[in-house]
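Working notes for the structure below.
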Number of protein chains: 2
Amino acid sequence: MTDTATTGRALPHPEREQIRLESVLHALSDPMRLQIVCELAAKEVELSCSQFDLPVTKSTSTHHFRVLRESGVIRQVYRGTAKMNGLRRDDLEGLFPGLLDSLLAAADRQAARIGDGR
Amino acid sequence: MTDTATTGRALPHPEREQIRLESVLHALSDPMRLQIVCELAAKEVELSCSQFDLPVTKSTSTHHFRVLRESGVIRQVYRGTAKMNGLRRDDLEGLFPGLLDSLLAAADRQAARIGDGR
DNA sequence: CTCGTAGTACGAGGGGTATCGTACGAGCCT
DNA sequence: AGGCTCGTACGATACCCCTCGTACTACGAG
């Protein structure tokens, strides 16, 4: 009915105060999840799970997105059959100022380093 | 012989270029290791393993220090029977500018938040 | 040399996790 | 309604990791 109708039931997210640094770091310590977060940050818009071209099956993909959500890194919302994913920039910035940007920059840097065969 | 004699055999460390962001994040995603790194950063000097008051046995302690070393977060050197630990600030800063400081600040912030019962 | 201290090596136990396959549910489109 | 697509749930498998205990090595002090 509304413009950006979010159908379906809601998904459990940790409150901002419940986000633990260790959990965030653990979530990002997996290459697959780090890549997801990088793409999400680069595109700057919410993306559905299926828009990521991950080299794993759907089940595994679901698993990784859940880890990211439960650690507080991303926010997930149903829109029709699609599940939209967005970075929790504000919450992370409020809790750990500058951390997300440093992490994204570090990931980009490493990707460039590897990409150039260095 | 030299002034700060480092006796014993050398320990394997990853070269700067071999340090992987994922490994660093994984190393720091353990509360015990994060605490170690925080203390190391706060003291600003090399510390022997036994100077940390960790709530685990010696074996476990050894394990955590090794993970930190092998991921490139710390540098370890024998000095007599003691093993001195130092943060690899320069290498990490060269690879991932600003990341270490953001991480340490985040850890401090979270510790303060928890310490104040918030 | 003997003893004590610092740390290691190795193996075991217990829990977590990354992956998959298959079967299922929830919305859209015709 | 029927079918399609997106994502979930569940179990299985294999691996990794935190922890410990015990036995061991390396170095320094007396």
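Within every chain, numbering begins at 1; the chains are lettered A, B, ... in the order of the sequence lines, protein sequences first and strands thereafter.
Contact annotation: B:Arg66 side-chain N/O to C:dA9 OP1/OP2 distance is under 4.0 Å. At least one side-chain nitrogen or oxygen of A:Arg33 sits closer than 4.0 Å to the OP1 or OP2 atom of C:dA18. The side chain of B:Thr57 contributes an N or O atom lying less than 4.0 Å from OP1 or OP2 of D:dC20. The shortest distance between the side-chain N/O atoms of B:Ser50 and the OP1/OP2 oxygens of C:dT5 is not below 4.0 Å.
Residue B:His63 is in base contact, counting any heavy-atom pair closer than 4.0 Å across all strands shown. Using a 4.0 Å heavy-atom cutoff across all strands shown, B:Ser59 reaches at least one base atom of the nucleic acid. At the heavy-atom level, B:Ser61 lies nowhere under 4.0 Å from the strands shown. Residue contacts shown for B:Thr60 include a base, since a base heavy atom lies under 4.0 Å away.
A donor-acceptor pair shorter than 3.5 Å cannot be found between the side chains of A:Ser59 and A:Thr62. Side chains of B:Glu39 and B:Gln51: no donor on one and acceptor on the other come within 3.5 Å.
Just one of A:Leu68, A:Asn85, A:Val73, A:Val45 meets the side chain to side chain contact (heavy atoms under 4.5 Å, CB included) condition when paired with A:Leu40; it is A:Asn85.
If A:Lys58 and A:Pro55 are placed on DNA chain C by their nearest nucleotide, the residue sitting closer to the 5' end is A:Pro55.
Taking atom CD of A:Glu70 as the reference point, atom P of C:dG16 lies 13 Å away to the nearest angstrom. What separates CZ of B:Arg79 from P of C:dG7 is a distance of 12 Å, to the nearest Å. Per the geometry, CD belonging to A:Gln76 stands 16 Å off P belonging to D:dC6, to the nearest Å. The separation between B:Met32 atom CE and D:dC20 atom C1' is 12 Å, rounded to whole Å. Rounded to an integer number of Å, the gap from CG of A:Leu11 to P of D:dA9 is 9 Å. Whole-Å rounding puts the A:Phe65 CZ to D:dC6 P distance at 13 Å. For B:Tyr78 and D:dA26, the OH to P distance is 10 Å, given to the nearest whole Å. Here the C1' atom of nucleotide D:dC20 and the NE2 atom of B:His64 are 11 Å apart, to the nearest Å.
For the atom pair CG (A:Leu103) and CG (A:Asp108), the distance works out to 11.0 Å, reported to the nearest 0.5 Å. Atom CD1 of A:Ile36 and atom CG of A:Asp30 lie 8.0 Å apart (nearest 0.5 Å).
Closest to the side chain of A:Ala82, out of C:dA18, D:dG7, D:dG28, is D:dG7. Checked against D:dT5, C:dT17, C:dG7, the side chain of B:Ser48 finds its nearest nucleotide in C:dG7.
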